[in-house]
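Residue numbers begin at 1 in each chain, while the letters A, B, ... track the order of the sequences. We use all heavy atoms of the structure for the numbers below, so side chains are in, but hydrogens, waters and symmetry mates are not.
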Amino acid sequence: MGIKLDNIFDAFSKNFIFRNKNILQSNYTPETILHRDEQIKQVASILRPALRLEKPSNLFLYGLTGTGKTLVVQYVRNQLLERAEKQKLNLKIEYINCKLKKVGDTEYRILAELLRKFGEDIPFTGLPTGQLYQKFTELIENKTQLFIIILDEIDQAVRRIGDGFLYTLTRINSELKNSQISLIGISNDTKFIDQLDPRIKSSLSEEELIFPPYNALQLKDVLASRSKTAFKEGVIGEGVINKCAAYAALSHGDARRALDLLRVSGELAERRGAKEVTEKDLDEAKEKIEKDRILDLIKTQPKQFHFVLYSILLLEENKKNKIFTGDIYRTYEKLCKNMVIECLTQRRVGDIIAEFDMVGIVNAKVISKGRGGRTREIKLAIPETLIPKVKEILEQSLNI
DNA sequence: CGAGATTCATGTGAAGTATACCTTTAGGCTTAA
DNA sequence: AAGCCTAAAGGTATACTTCACATGAATCTCGTA
C-alpha cells in the first residue's frame, strides 16, 4: 500500500526541476553572500561594540531594491546573535519590515510589533500609544541590556506617519538606565534621508552605508551559485542564467527580482512537465511576475478603491481626451448612484487617486491648465493585456 | 504690447466626526466556607 | 467574603468629511509706448 502511494505521489509531483526551491525565495539567507564582503565587514565593525554590550552607532543603510541590504543585515544579525548566545550576552536584535501593512505602517503598529517580539500580547487598537512606549521602555530595562532595532523600508513608514516616531525612539535612550537601544534604518529611497528633520537625520545616520547595485557579472555569480543548489543538475543552462542576470541588471541590478524571475521560470517549466528551464520560460516568467503583482495589488484594495478604479477604467475605455480628477469623480458619482452606494467626497477620491499613484496602478501628475484650473492628469499604468482581467475582478467585487 | 491682476478646478492641510475596538472599573450575582 | 461576569465609561486608530486656504499658468485688464 505504502509503495503504491509513493508511486502516485512521485508521478504526481514530477519533480524534475527543483532540488530546493526555498533557496530562490527572497527571504532566504544563504550561508555565503557573494559580492557584499565590503558591506558585511562594515556593518559588522559598526555593530561590533554590541558584543561588549556597548551601544553601537545608529546605522543607516540605503541602496536600491535588491542590492542586498536586508540580506547583509540579517546575516550580520545572525552572526552577532550566535556570538552573543555563546557569551551569554543579553543582546536582542529585532527586524521589522515597515512596509508590511499589518506590521508597520503606523507608529502604534510598529511599537506593538516590537512588543510582540518580547512575547507581549498587544491588541490591534485601543491602547494609548504612550502606554505602549512606557511598556516598551520597561521591558527593555528589565529584559535586555542592548536592543538593536532594524527598521526595513523605513521610508515607507515615515512617508505615511511622519518622522516623529523616530525621534521618540532615539530619545528613549535618555530614559533608560541599564540598557540602550540602537537603530538600524534601511531605505531604498536615497533622497529619503534628506527629507528628515535635521535632528533625526543626524542621530539616525551616525553611520551611513550605501549599497551599490550589483552589476551583470555579479548577478550572474549570485544566480549561478544559488541555482546550483536550488535546481537539479542540468536543469538550467548558462544561457538562461545569463539572460536572467542581464534582465535584472537592466532594472538597476535588482538581485531579488532576478531570483524571483529564476524561481518563477522554474515553476513554469515544472508545470509544463519539462525537464529543463528554457529562455522562453524566462520571458513568460517576466510577464507573469508583473501580472501577478498588479492583480494582487488590485485584489487587496478596499471596496471604495475598486469603485474609483472602475471609474478610471470606464473613462480610459472611451477616452477622447486626457483624464482629470473631476472627470473621475463625476463618473464615480454616477456609478455610486446607480449602485445605490454611499458616495465619498471629492476630497477623499483625490486622496485615493494619489494612493493609486503611489502604488503604481496609475500615473498621476499635478498640472495646471491655466485658467482651466489645477488638477491631476491621470493615466492608467496597467498593461493593455491585463485590463480585461482587472475589469473582471472589479466587476466581480462590485457586483456589476 | 507687456506687466500684473484675475480666475478656474483642484491640490492640500488641519480639524472634526463616526465607527470599531480596546482596557479599566464598578456593581451585581454566584459560590464556597 | 472572595471570585467571576457584565455593562458602562473612557481611550485610541482609522477612514472619512468639512472647512479653508494655496496653486500656477491661461486669460484678462489696463497703462504705456
Side-chain angles (χ1 to χ4, degrees), chain A residues 96 98-116 118-139 156-169 195-197 297-312 315-316 319-337 339-380 397-398:
Chain A
I96 286 195
C98 306
K99 192 177 164 188
L100 301 176
K101 263 212 155 164
K102 279 179 212 149
V103 176
D105 66 347
T106 70
E107 180 175 13
Y108 182 91
R109 283 183 190 161
I110 290 173
L111 218 48
E113 186 61 21
L114 281 173
L115 285 167
R116 270 183 218 120
F118 277 103
E120 290 291 309
D121 196 21
I122 304 296
F124 321 92
T125 167
L127 292 184
T129 314
Q131 197 170 324
L132 287 197
Y133 272 113
Q134 203 188 335
K135 202 161 194 171
F136 183 59
T137 40
E138 248 170 54
L139 272 171
Q156 301 278 333
V158 169
R159 196 170 306 158
R160 276 210 158 79
I161 57 179
D163 47 17
F165 81 101
L166 287 177
Y167 184 65
T168 322
L169 274 179
Q195 297 161 12
L196 287 176
D197 187 310
L297 196 61
I298 290 172
K299 269 183 211 157
T300 51
Q301 300 289 332
K303 200 147 215 155
Q304 287 290 1
F305 284 52
H306 280 171
F307 274 108
V308 176
L309 186 57
Y310 194 73
S311 310
I312 298 176
L315 280 172
E316 187 90 6
K319 81 167 148 189
K320 296 159 202 141
N321 17 43
K322 301 186 169 168
I323 302 175
F324 304 111
T325 306
D327 303 334
I328 295 176
Y329 188 66
R330 282 183 285 279
T331 20
Y332 164 80
E333 231 176 352
K334 261 189 237 156
L335 197 61
C336 286
K337 227 170 249 170
M339 305 287 298
V340 198
I341 271 171
E342 272 184 71
C343 195
L344 300 180
T345 48
Q346 177 152 354
R347 176 74 183 76
R348 180 62 186 145
V349 171
D351 279 350
I352 291 176
I353 293 171
E355 284 183 51
F356 281 156
D357 185 35
M358 280 257 290
V359 295
I361 298 178
V362 128
N363 285 323
K365 207 170 68 186
V366 181
I367 57 160
S368 174
K369 293 189 288 174
R371 206 162 196 210
R374 235 160 83 90
T375 180
R376 281 197 179 88
E377 186 185 312
I378 293 131
K379 257 192 311 202
L380 209 53
S397 130
L398 305 176

Below 4.5 Å, heavy atoms only, C-beta onward: do A/E377 and A/T375 meet side chain to side chain?
-> no
Evaluate the side-chain proximity of A/L344 to A/I352: yes if any heavy-atom separation is below 4.5 Å, no if none is.
-> yes
The side chain of [X] is closest to which nucleotide in this list: [options]?
{"X": "A/R371", "options": "C/dT27, C/dT17, B/dT10", "answer": "C/dT27"}
{"X": "A/T325", "options": "B/dG11, C/dT18, C/dC16", "answer": "B/dG11"}
{"X": "A/S368", "options": "C/dA25, C/dC28, C/dC16", "answer": "C/dA25"}

Atom-pair distance ([atom1] on [X]; [atom2] on [N]), nearest Å:
{"X": "A/K322", "N": "B/dA9", "atom1": "NZ", "atom2": "P", "result": "18 Å"}
{"X": "A/I352", "N": "C/dT14", "atom1": "CD1", "atom2": "C1'", "result": "14 Å"}
{"X": "A/F324", "N": "C/dA25", "atom1": "CZ", "atom2": "C1'", "result": "14 Å"}
{"X": "A/I328", "N": "B/dA9", "atom1": "CD1", "atom2": "P", "result": "17 Å"}
{"X": "A/E342", "N": "B/dA18", "atom1": "CD", "atom2": "C1'", "result": "11 Å"}
{"X": "A/K365", "N": "B/dT10", "atom1": "NZ", "atom2": "P", "result": "17 Å"}
{"X": "A/K369", "N": "B/dG11", "atom1": "NZ", "atom2": "C1'", "result": "13 Å"}
{"X": "A/R348", "N": "B/dG11", "atom1": "CZ", "atom2": "C1'", "result": "15 Å"}

Think A/T345 has a side-chain N or O under 4.0 angstrom from the OP1 or OP2 of C/dT17?
-> yes
Examine the base of C/dT23 for any acceptor or donor lying under 3.5 Å from a partner atom in the side chain of A/R374, and report the outcome as yes or no.
-> yes
For the side chain of A/R347 and the base of B/dG13, is some donor closer than 3.5 Å to an acceptor across the two?
-> yes
Between A/Y310 and A/L398, what is the shortest heavy-atom contact and its length?
-> CB-CD1, 4.1 Å
Can you name the nearest heavy-atom pair linking A/A364 to A/I378, along with the distance?
-> CB-CG1, 4.0 Å
Flag, side chain of A/Q304 to backbone of A/E342, donor-acceptor distance under 3.5 Å = yes
Which sits closer to the 5' end of DNA chain B, A/G373 or A/R376, going by the nucleotide each is nearest to?
-> A/G373
A/G370 or A/V366, whichever maps to the more 5' nucleotide of DNA chain B = A/G370
